[in-house]
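Note that the numbering runs from 1 along the sequence shown for the chain.
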Amino acid sequence: AQLLGDKKCALWLPDERGEFRIGAHTDYDADPALEPLLTTSLPAEAVRRVVGRRSEPFLLTAAEATACLPPPPGLSWPDLALAPLRNDGRLEGFIAVREATTDTEHTIEEILRLLRGISDQAAVALERAQSYENLEETFVSTVVLQLVAERRLRLDDPVGRWLPGLVPNGRNITVRQ
């Protein structure tokens with residue numbers, strides 16, 4: 001935010017349903033006008049319509065944003081600078097900068113250029129986080145299979161036996177699942 005002239009920024013990422021939610025932000029919780037956005041989900045299809053095939057940061061006017069995606073009740077969209085975060089061509093999230101064209105020490109071209117650098121770094125960070133998730137899954141699977149080979153647990157055991165109270169409905173979910 002400081003690089004961008006202390007603008008309000010948010011990182012929007014897909015949740016488990018594929019809808020986009022704020023994953024990180026600059027003081028949205030301290031601003032009563034912005035706090036409702038912290039619990040807002042944006043439909044994936046609407047976000048993809050807005051972003052299209054763009055991979056570079058771009059400006060989106062309040063009117064364009066509202067036409068593509070009605071704002072949550074009680075809110076209105078401002079002018080935005082959006083930076084898509086892509087991995088292998090897939091939209092993995094985006095950075096939104098509110099009111100990028102007003103009250104700033106930077107020109108809009110400078111803001112878009114800075115946003116490009118920030119979004120490139122964020123896309124790399126997301127890709128690395130996904131790699132670590134895959135590594136974690138591989139590690140857990142390897143350990144579980146070792147425990148099965150040692151006959152210390154069975155793939156048909158309920159998860160609740162080994163993780164009591166940690167997994168909802170764990171009595172009805174097997175280690176294999």
Side-chain angles (χ1 to χ4, degrees), residues 1-4 7-51 55 65 68-75 77 80 82-98 115 117-177:
Q2 289 177 333
L3 286 175
L4 297 168
K7 296 291 182 190
K8 297 288 186 190
C9 306
L11 171 64
W12 292 78
L13 300 170
D15 63 14
E16 62 280 350
R17 294 185 320 264
E19 295 182 340
F20 287 83
R21 298 177 59 93
I22 292 178
H25 58 87
T26 55
D27 298 326
Y28 276 45
D29 49 355
D31 185 338
L34 298 178
E35 193 171 12
L37 286 172
L38 297 176
T39 57
T40 297
S41 294
L42 302 178
E45 278 308 308
V47 170
R48 285 185 175 84
R49 262 195 322 272
V50 169
V51 174
S55 57
C68 293
L69 182 64
L75 297 174
W77 296 125
L80 297 165
L82 296 180
L85 305 177
R86 295 197 179 272
N87 183 8
D88 292 330
R90 288 187 326 269
L91 183 64
E92 299 288 343
F94 63 94
I95 298 171
V97 179
R98 298 178 62 82
L115 194 51
I118 293 166
S119 65
D120 285 347
Q121 291 175 8
V124 168
L126 284 173
E127 185 177 344
R128 286 185 179 160
Q130 290 167 347
S131 294
Y132 288 126
E133 283 178 14
N134 292 339
L135 181 62
E136 179 182 17
E137 290 171 12
T138 301
F139 176 77
V140 169
S141 297
T142 301
V143 170
V144 165
L145 292 175
Q146 283 177 330
L147 292 171
V148 168
E150 294 170 8
R151 298 179 189 262
R152 294 173 67 185
L153 69 82
R154 296 176 313 136
L155 291 177
D156 293 323
D157 286 346
V159 171
R161 176 178 178 195
W162 300 104
L163 302 171
L166 290 177
V167 178
N169 200 24
R171 289 177 301 219
N172 299 316
I173 300 171
T174 66
V175 172
R176 180 187 318 272
Q177 292 171 316

Only one of Leu11, Leu82, Leu80 passes side chain to side chain contact (heavy atoms under 4.5 Å, CB included) with Ile95, and that residue is Leu11
Quick one about Ser41 and Arg21 (side-chain donor to acceptor, distance below 3.5 Å, no hydrogens or angles considered), yes or no?
yes
Minimum side-chain heavy-atom gap Glu35-Tyr28 below 4.5 Å
no
According to side chain to side chain contact (heavy atoms under 4.5 Å, CB included), who are the partners of Pro72, at least two apart in sequence or on a separate chain?
Leu37, Thr40, Leu75, Trp77
Just do the side-chain contact (heavy atoms from CB on, under 4.5 Å) check on Val97 and Leu115 with the steps written out, would you?
CA-CA 9 Å; Val97 179; Leu115 194 51; 3.9 Å; yes
Counting C-beta onward and ignoring hydrogens, is there a side-chain heavy-atom pair between His25 and Leu38 closer than 4.5 Å?
yes
Apply side-chain contact (heavy atoms from CB on, under 4.5 Å) to Arg98 and Leu34, showing your working.
CA-CA 10 Å; Arg98 298 178 62 82; Leu34 298 178; 3.2 Å; yes
Beyond-backbone contact of Leu69 with Glu45, side-chain heavy atoms, under 4.5 angstrom:
no
Only counting residues at least two apart or in another chain, list the ones meeting salt bridge (charged side-chain N to carboxylate O under 4.0 Å, His left out) with Asp15.
Arg17
Atom pair OG (Ser55) and CG (Leu85), whose distance is rounded to the nearest 0.5 Å
11.0 Å
Give me the atom names and distance for the closest heavy-atom approach of Phe94 to Pro84.
CB-CA, 4.1 Å
Is any side-chain heavy atom of Val47 less than 4.5 Å from a side-chain heavy atom of Pro14?
no
Nearest-0.5 Å distance, CH2 of residue Trp162 to CZ of residue Arg154
9.5 Å
Between Ile173 and Val167 the two heavy atoms that sit nearest each other are CD1-CG1, 4.2 Å
Does CZ in Arg171 sit with more than 12 non-hydrogen atoms of other residues, nucleotides or ligands closer than 6.0 Å?
no
Ala44 to Gly18 - nearest heavy-atom pair and separation
CB-O, 3.2 Å
Nearest heavy atoms of Thr26 and Cys9, plus distance in Å:
OG1-N, 2.8 Å
Is there a donor-acceptor contact under 3.5 Å from the side chain of Asp31 to the main chain of Ala33?
yes
Could you check if a side-chain atom of Leu42 sits within less than 4.5 angstrom of a side-chain atom of Glu19, using non-hydrogen atoms only?
no
Point-to-point distance, once rounded to the nearest 0.5 Å, from CZ of Phe20 to CD of Glu92
8.0 Å
To check you understand the geometry: which heavy-atom pair defines the closest contact between Ala46 and Cys68, and what is its length?
CB-O, 4.3 Å
